[in-house]
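Report on one structure; see the data block that follows.
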Amino acid sequence: MTKPFDPASLPPHFDAPAAEKRWDEAWSAAGVYHWDETRGRDETFVVDTPPPTVSGSLHMGHVFSYTHTDVITRQRRMRGQNVFYPMGWDDNGLPTERRVQNYFHVKCDPALPYEPGLTMTQADDKKRKEEKPRIVSRKNFIELCHQVTHEDEKAFEALFRRIGLSVDWRQTYATIDDRCRHIAQLSFLDLVDKKQLYNIESPTMWDVDFQTAVAQAEVEDRDKPGAFHDIEFAVEGGGSFVIATTRPELLPACVAVCAHPDDERFKSYFGKRAITPIFRAPVRIFPSELADPKKGTGILMVCTFGDATDVLWWRTEKLPLRAIIQRDGTLRAVEFGSEEFPSLDAARANAAYAQLVGKGVTQARKLVVELLKDAASAATGEAHAGGTRAPLQADPKPIQHPVKHYEKGERPLELVTTRQWFVRLLPNAAAGTDNQAGLLAKGKDVKWWPGFMHSRFHNWTEGLNSDWCVSRQRYFGVPIPVWYPIADNGVIDHERPLYPSAAQLPIDPMSDAPPGYAEAQRGKPGGFTGDPDVFDTWFTSSLTPQISSHWGLDAARHAKLFPADIRPQSHEIIRTWAFYTIAKAMLHEGKVPWHNVVISGWILDPDRKKMSKSVGNVVTPMKLLEDYSSDGVRYWAASARLGTDTAFDEKVLKVGKRLVTKLFNAGKYVLAQTAEGDVSPAAITEEIDRAFVHELRGLVEKASAAFEEFEYAQALMLTEQFFWSRLTDSYLELVKIRARGEVGDPASRRSAVATLRLALNVLLRLFAPVVPYITEEVWSWVYAEETKQPSIHRAPWPTLADLAAIPLPSDAQSFELACTLYTALNKKKTESGASVGRVVTSTAIAASPTLVSRIAPALADVLAAAKVKAHTLASREPLADTDGFVIDAIEIAPKEARADEAEAG
RNA sequence: GGGCGGGUAGCUCAGCGGUAGAGCGCUAGCCUUACACGCUGGUGGCCGCAGGUUCGAAUCCUGUCCCGCCUACCA
């Protein structure tokens with residue numbers, strides 16, 4: 001059945017914004033993108049969508065990578081797979097915390113009890129300036145976070161809908177919502193059960209501004225100016241040496257001195273004690289292979305703690321602990337002459353240290369350097385080299401060196417001793433685990449697209465140097481579900497934590513009481529105290545596959561959705577999001593979380609810098625969506641291969657917009673062609689039509705194969721080339737006249753119309769994953785009813801079976817030959833200064849004998865398209881097939897007056 | 001320092017063992033009853049550099065130089 005179609009009923013131009021709104025509503029109403037929970041796992045395609053951070057705005061980088069996912073997903077849906085495509089919002093963590101504090105002018109104190117029914121409104125500048133922030137409980141704070149993020153989520157959803165993401169909007173989550181908190185806390189309990197989690201008081205990388213522990217994955221090196229300070233120490237019993245340090249302020253925390261065991265300069269000192277300048281603390285001098293004789297002066301001071309090696313030596317050499325840097329980055333008060341801080345001259349040491357107490361690192365460094373310039377600060381008062389001159393040997397020598405920073409922080413990280421929870425990652429003989437090896441293996445079980453991205457994961461995993469610190473001293477996050485008993489003497493017993501049962505989750509240990517205790521016992525001897533910390537946001541984010549599958553809540557659903565099929569993400573978070581997600585899936589169930597990771601590249605600005613908010617070079621999507629339409633923007637995104645960084649280029653958006661217009665016009669034209677009788681594929685009888693369909697077969701095969709490898713960009717390029725140059729520029733032009741019935745018989749007219757309709761039908765479906773709006777629009781004119789597929793996005797992806805009914809052409813090149821001759825005629829016309837629309841009164845064509853015979857079936861179409869009234873076609877022996885057609889002569893008719901012009905004239 | 005990716009037409013990018021490609025740009029012409037967001041032509045590159053393998057190399061190997069990213073490096 002052919003549906004009647006009146007092209008005059010269409011607007012002259014495609015109104016993209018209106019269509020976008022209309023189709024989004026229609027798709028929602030029809031549930032086109034709904035996951036069918038009744039279908040089995042083997043028919044289902046599960047996406048583990050990246051939950052964007054909602055306390056920010058979306059930029060073209062987001063549109064770019066989310067479109068990649070959507071294109072892949074739409075093609076799978078058309079292939080008949082039951083697509084599960086959820087959306088999450090990452091509202092958990094510092095960015096939201098800061099935003100909410102500012103928005104309402106509040107501060108969180110987790111020790112406060114919950115105030116039911118507390119409501120707040122947005123604060124104004126006056127309030128922020130003049131009033132102190134309102135202090136609220138953590139539970140209230142989380143409620144406020146929900147309030148703000150809810151608004152952000154609505155804006156994000158609107159944009160994601162606008163760009164046509166085929167998300168099942170019933171499947172959404174926010175990383176702080178009840179279900180996510182439940183699953184994150186369940187993850188914790190499960191890891192405790194599996195002995196993969198432990199808490200310990202130890203030196204941990206610490207951000208002194210945010211006052212929280214951070215994990216290895218959140219640390220980045222920044223090149224900062226520093227300086228070597230050469231400082232003379234004395235050796236007990238005589239002698240001295242000079243150490244080099246960039247951190248003289250840690251001198252009071254010095255616990256030992258160390259040099260390479262083979263270093264002749266210091267060999268005789270091993271086993272003796274050194275005496276520090278200023279504080280005159282006696283410290284061990286020990287040998288270690290880790291000391292590099294070529295670095296600095298070859299001998300160094302060990303402090304608790306200056307760097308990771310200090311921690312190592314502290315452990316292996318069982319050195320004393322003399323911590324001086326506090327959580328806020330200032331130096332704490334200590335008493336020299338005590339057991340903890342020995343000194344041969346406690347009075348002098350305490351007098352010096354008194355100046356440092358409460359100072360920050362930078363200030364303390366300046367003060368210590370001043371003290372070191374004073375001869376009176378020398379390590380001993382005795383008359384030997386170490387006791388008669390200033391300890392600082394020369395002016396500090398400036399250097400540039402890498403300094404570890406929290407990725408979101410300003411000041412260098414410090415190693416501060418605190419109690420934290422860790423997930424085991426490193427091999428641990430005592431625990432009998434080697435998760436690092438397991439992770440390396442799981443990284444190979446996952447397919448990485450493009451494949452080289454696996455090495456990012458592998459390198460990172462091989463370079464692990466610490467277990468995963470998962471506790472954070474923040475407020476807006478998932479609470480660590482733990483309480484600690486308080487002994488009768490008031491001491492908190494961290495060794496015997498109290499855990500909730502899974503049935504109680506989610507809980508907040510700061511407002512809920514542990515099993516077997518009453519709330520009144522909180523903070524009392526014999527009672528309990530709640531752990532005030534929250535999880536690293538990655539602890540929750542690493543569970544997105546399980547959050548979607550309702551792990552621990554719905555076993556049947558989990559079985560249908562876990563592991564997922566694809567994880568789309570960008571490459572800079574391989575070490576965090578991909579890594580931790582693989583870790584969690586492995587530790588919980590021994591599985592991979594997904595079978596494929598598809599990595600999008602970055603959008604770079606014209607200077608090839610990464611587009612990011614902090615750099616301030618972001619392009620916001622809304623204007624571009626309005627100017628180029630959603631399909632146009634999607635075209636731009638889908639033109640970039642996976643894993644490839646791409647410079648933002650508005651030219652490509654223009655091309656996308658043009659394609660949309662072309663599809664609209666070509667669709668309108670093709671569907672306006674009519675013929676008497678059957679115009680189904682069975683009517684395709686002409687040689688040239690069959691040859692054209694045969695080329696279409698090649699396209700379907702290649703585009704489908706490309707999608708198998710997630711090479712949507714390749715599929716798009718091939719489809720676009722075929723559509724534009726094969727269909728609209730060539731085939732359409734060649735058969736126009738026949739389709740109008742001006743040449744040939746009714747059967748040949750039917751054949752042309754049937755071919756046009758079939759080709760458009762197939763091409764629309766090949767384009768549908770990339771440009772969902774225009775393809776749906778054109779599909780709706782005729783095909784929706786004809787095929788009983790109301791939405792093209794549920795229509796089957798084209799296969800060779802669609803074209804199987806059409807016999808092969810007798811010569812696969814028939815169509816190509818027709819194009820060759822048509823082009824030759826056009827070229828001759830153009831060279832003669834005439835437009836291709838002009839009538840050719842006569843022309844003389846020559847070609848090889850084989851070409852002359854092979855062109856026969858297409859000749860009528862070509863001559864009609866080129867408007868040739870009379871021609872000769874000569875076989876010419878010397879010409880080869882590769883010479884094509886030679887136009888010996890052409891005579892062009894005078895320009896005709898158009899009928900309407902003639903009338904007007 | 002280690003690893004990965006890239007260096008192809010003025011620009012943005014395909015191609016990755018068989019005679020250099022696309023779009024944009026530039027240029028000469030065209031209102032050709034779907035489309036001027038269009039059509040027909042043309043212009044333009046010793047495929048970073050140097051070796052090697054091969055009948056044949058942008059395409060494989062080795063070295064080298066640029067660019068980017070990941071990672072390491074607080075004495």
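Just so you know, these numbers come straight off a predicted model, no measurement behind them.
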Determine which nucleotide pairs with G42(B), using a 3.5 Å limit on both distances of a Watson-Crick or G-U wobble pair.
C26(B)

Looking at C37(B), does its base get a donor-acceptor pair with the side chain of Thr661(A) below 3.5 Å?
yes

Is A50(B) in the syn or the anti form, by the rule that syn lies within 90° of 0?
anti

Just to be sure I understand the geometry, which residues of residues 721-730 of chain A put a non-hydrogen atom under 4.0 Å away from RNA chain B?
Trp724(A), Thr728(A), Asp729(A)

Pairing residues for His260(A) by the ring-ring contact (aromatic ring centres under 6.0 Å, His included) criterion, not counting sequence neighbours
none

Mark yes when over 12 heavy atoms from residues, nucleotides or ligands other than Lys447(A) sit less than 6.0 Å from its NZ; otherwise mark no.
no

Taken in chain and number order and not counting sequence neighbours, the residues that satisfy side-chain contact (heavy atoms from CB on, under 4.5 Å) with Ser639(A) are Tyr635(A), Val652(A), Leu716(A)

A34(B) pairs with which nucleotide, Watson-Crick or G-U wobble, both distances below 3.5 Å?
none

Within the structure shown, what part of the strands sits under 4.0 Å from Thr823(A) by heavy-atom distance: base, sugar-phosphate, or nothing?
sugar-phosphate

Nearest heavy atoms of Ala893(A) and Thr841(A), plus distance in Å
CB-CG2, 3.8 Å

Any strand counts, and the cut-off is 3.5 Å on both contacts for Watson-Crick or G-U wobble. Which nucleotide pairs with G15(B)?
U8(B)

Starting from C1' on G6(B), measure out to CD1 on Ile599(A) and report it in whole angstrom.
18 Å

Across the strands shown, which category fits Lys662(A) at heavy-atom distances under 4.0 angstrom: base, sugar-phosphate, nothing?
base

Per ring-ring contact (aromatic ring centres under 6.0 Å, His included), His571(A) is matched among Trp448(A), Trp577(A), Trp602(A), Phe457(A) by Trp602(A)

Presence of salt bridge, Glu720(A) and Arg726(A), under 4.0 angstrom
no

Counting the atoms with a prime plus P, OP1 and OP2 as sugar-phosphate, which does Phe228(A) contact under 4.0 Å by heavy atoms, base, sugar-phosphate, or nothing?
sugar-phosphate

One thing to verify: whether Arg284(A) and Glu317(A) come together as a salt bridge, which I'm taking to mean a side-chain N less than 4.0 angstrom from a carboxylate O.
yes

Would Glu709(A) and Trp449(A) count as a side-chain hydrogen bond (donor to acceptor under 3.5 Å, both in side chains) if you check the C-alpha gap in whole Å, the side-chain angles of each, and the deciding distance to 0.1 Å?
CA-CA 8 Å; Glu709(A) 305 286 305; Trp449(A) 305 88; over 6 Å; no

Separation of atom CD in Glu462(A) from atom C1' in C4(B), rounded to whole Å:
13 Å

If I take atom NZ in residue Lys668(A) and atom P in nucleotide U33(B), what distance separates them, rounded to the nearest angstrom?
15 Å

Between Glu733(A) and Lys736(A), does any side-chain N to carboxylate O distance fall below 4.0 Å?
yes

What pairs of nitrogen or oxygen atoms, one from the protein and one from nucleotides 69-73 of chain B, lie under 3.5 Å apart?
residue : atom : partner   : partner atom : Å
C69(B)  : O2'  : Arg456(A) : NH2          : 3.1
U71(B)  : OP1  : Arg575(A) : NE           : 3.0
U71(B)  : OP1  : Arg575(A) : NH1          : 2.6
C73(B)  : OP2  : Lys404(A) : NZ           : 3.3
C73(B)  : N4   : Asp221(A) : OD2          : 3.0

Acceptor/donor pairs from residues 663-673 of chain A side chains to any protein atom, 3.5 angstrom cut, sequence neighbours excluded:
residue   : atom : partner   : partner atom : Å
Asn665(A) : ND2  : Thr661(A) : O            : 3.1
Gln673(A) : NE2  : Tyr669(A) : O            : 3.0

Closest-nucleotide ordering on RNA chain B, the 5'-leading residue of Lys867(A) and Arg641(A):
Arg641(A)

In terms of the angle between their ring planes, are Trp460(A) and Phe579(A) parallel, tilted or perpendicular, with boundaries placed at 30° and 60°?
perpendicular

Which part of the nucleic acid does Leu413(A) contact within heavy-atom distance under 4.0 Å: base, sugar-phosphate only, or nothing?
base

With heavy atoms under 4.0 Å as the rule, sort Lys736(A) into base, sugar-phosphate or nothing.
base

Under 4.0 angstrom, heavy atoms only, what part of the nucleic acid is Ala640(A) near: base, sugar-phosphate, or nothing?
nothing

Could you check whether Leu290(A) gets within reach of a base, just the sugar-phosphate, or nothing at all, counting any heavy atom under 4.0 Å?
base

Please lay out, stage by stage, how Ser600(A) and His68(A) fare under the test side-chain hydrogen bond (donor to acceptor under 3.5 Å, both in side chains).
CA-CA 7 Å; Ser600(A) 293; His68(A) 295 163; 2.8 Å; yes

Which part of the nucleic acid does Ala647(A) contact within heavy-atom distance under 4.0 Å: base, sugar-phosphate only, or nothing?
sugar-phosphate

Who does G63(B) pair with, Watson-Crick or G-U, both distances under 3.5 Å?
C49(B)

Is Arg575(A) paired with Glu218(A) through a side-chain N to carboxylate O contact shorter than 4.0 Å?
no

pair_partner(G1(B)), Watson-Crick or wobble, both distances < 3.5 Å, evaluates to U71(B)

Give every pair of a protein N or O atom and an N or O atom of nucleotides 23-25 of chain B that lie under 3.5 Å apart, one pair per line with the distance.
residue : atom : partner   : partner atom : Å
C24(B)  : OP1  : Arg658(A) : NH1          : 3.3

Closest to side chain of Glu733(A), choosing from A34(B), G41(B), G3(B)
A34(B)

At under 4.0 Å between heavy atoms, what does Leu732(A) touch on the DNA or RNA strands: base, sugar-phosphate, or nothing?
base

